[in-house]
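The structure appears below as structure tokens.
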Amino acid sequence: MSGSALRWFAFALAATLLAALGQPALADPIVIKFSHVVSPDAPKGKAALLFKQLAEKYTDGKVTVEVYPNSSLYKDKEELEALQLGSVQLLAPSISKFGPLGVKEFDVFDLPFLMSDDAHARQMMASPMMGELNKKLEDKGVEPLAYWDNGAHVYTANVPLISPDDFRGLKMRIQGSKVLDAASRELGAIPQIIAFGELYQALQTGVVDGEDNVPSNIWTQKFYDVQKYLTVSHHGRLTYSLITNKKFWDSLPADVRPGLDRAVQESTDFFDETAAKDNAAALEQIKATGKLQIHVLTDAEKQAWIEKLMPVHKEMQSRFGKDFIDRIYKSSGFVPPQT
Ligand code: LMR
């Protein structure tokens with residue numbers, strides 16, 4: 001008898017025995033596909049693998065998690081559509097990419113320098129106002145399970161970016177939010193939305209001259225091989241939301257939910273512990289390659305960027321409403337500088 005026939009026979013025998021003993025037949029495990037766009041050794045990549053390990057352990061194998069890194073299953077925009085259709089069950093995209101979901105409010109977190117400060121960012125994500133925003137996602141069939149803070153952005157380009165005027169005429173890659181678009185234009189740059197999985201090539205071929213990101217992405221994607229300068233500007237932030245399909249999550253059997261909730265919590269704690277360390281280490285690793293010139297903005301230089309970019313906050317009052325932006329300031333503790 002062939003191997004597969006033997007396995008089928010054993011399974012059938014076990015099912016018959018269990019039925020005879022009045023036990024429920026062995027159900028196929030619930031499959032969770034977890035798609036993301038970064039490399040497995042970036043903070044999000046590590047947290048996704050930990051989630052897999054914990055979810056399978058805490059549900060005694062009633063759930064199996066398939067992790068698809070590096071856009072191997074879906075690229076940026078496609079993954080959100082796939083989640084809403086139920087073709088994938090878990091994502092952790094940047095909240096700067098939620099526009100296509102029809103929830104423009106998340107773009108507000110891209111207001112220049114709003115989330116530069118770690119404490120402001122943590123205060124904002126822990127504030128009751130997030131409940132209001134989460135509800136907007138739920139209304140789109142998306143359930144936010146956690147927020148993962150991946151730290152402040154730096155810029156890379158093929159020219160030094162020290163004064164705001166250095167951006168003039170440059171083609172700069174953005175993630176997609178309307179606020180990032182407005183900020184680029186305010187600097188005199190030409191914004192281009194490019195999927196993360198296509199960014200290395202776009203930088204290499206000159207489709208774009210530069211981009212902003214966190215050091216751990218620049219390191220793990222080797223952007224330092226196709227860029228010459230890095231400016232530590234901390235003008236924005238990379239925040240992920242661990243999201244699932246609401247119908248899928250609500251339909252999960254009661255005996256697996258606690259295990260999954262625990263896996264979400266522990267991989268979130270792991271992410272928060274790891275991201276800050278990995279980004280600091282990545283900046284040192286990038287420096288050690290000697291391939292990029294690194295410049296840390298002085299206070300005076302940063303002040304010039306703030307003065308140049310604060311008008312974007314005013315401009316965005318027409319998009320979000322002054323009241324909404326004022327409530328974001330209050331919730332995050334951000335005080336707009338008098339310019
Ligand atoms: C980007 O597109 O630059 C990032 O959001 C990618 C990621 O998920 O870290």
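For the single chain, residues carry numbers from 1 onward in sequence order. What's counted below: heavy atoms across the whole structure, side chains too, no hydrogens, waters or symmetry copies. First listed ligand is number 1; within each ligand, the first listed atom is number 1.
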Item checked: Test item: side-chain donor near acceptor, Asn70 and Ser72, under 3.5 Å -> no
May I have the N/O to N/O pairs between ligand 1 and the protein that fall below 3.5 Å, each with atom names and distance to one decimal?
{"residue": "ligand 1", "atom": "2 (O)", "partner": "Lys97", "partner atom": "NZ", "Å": "2.6"}
{"residue": "ligand 1", "atom": "2 (O)", "partner": "Arg173", "partner atom": "NH1", "Å": "3.4"}
{"residue": "ligand 1", "atom": "2 (O)", "partner": "Arg173", "partner atom": "NH2", "Å": "2.8"}
{"residue": "ligand 1", "atom": "3 (O)", "partner": "Arg173", "partner atom": "NH1", "Å": "2.8"}
{"residue": "ligand 1", "atom": "3 (O)", "partner": "Asn213", "partner atom": "ND2", "Å": "2.9"}
{"residue": "ligand 1", "atom": "5 (O)", "partner": "Lys97", "partner atom": "NZ", "Å": "3.1"}
{"residue": "ligand 1", "atom": "5 (O)", "partner": "Gln175", "partner atom": "OE1", "Å": "2.8"}
{"residue": "ligand 1", "atom": "8 (O)", "partner": "Lys44", "partner atom": "NZ", "Å": "2.7"}
{"residue": "ligand 1", "atom": "9 (O)", "partner": "Asn217", "partner atom": "ND2", "Å": "2.9"}
{"residue": "ligand 1", "atom": "9 (O)", "partner": "Tyr240", "partner atom": "OH", "Å": "2.5"}

Notebook entry, point to check: Between atom OH of Tyr147 and atom CD1 of Ile243, what is the distance when rounded to the nearest 0.5 Å?
Noted result: 9.0 Å
Check: How many angstroms lie between atom CG of Asp76 and atom CG of Leu91, to the nearest 0.5 angstrom?
Finding: 10.5 Å
Checklist line | Backbone of Val103 reached by a side-chain donor or acceptor of Lys140 within 3.5 Å | finding: no
Checklist line | Pairing of Arg262 and Glu266 as salt bridge, 4.0 angstrom limit | finding: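 The answer is yes: the pair qualifies as a salt bridge.
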Checklist line | Minimum side-chain heavy-atom gap Leu238-Asn217 below 4.5 Å | finding: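 Sidechains of Asn217 and Leu238: in contact.
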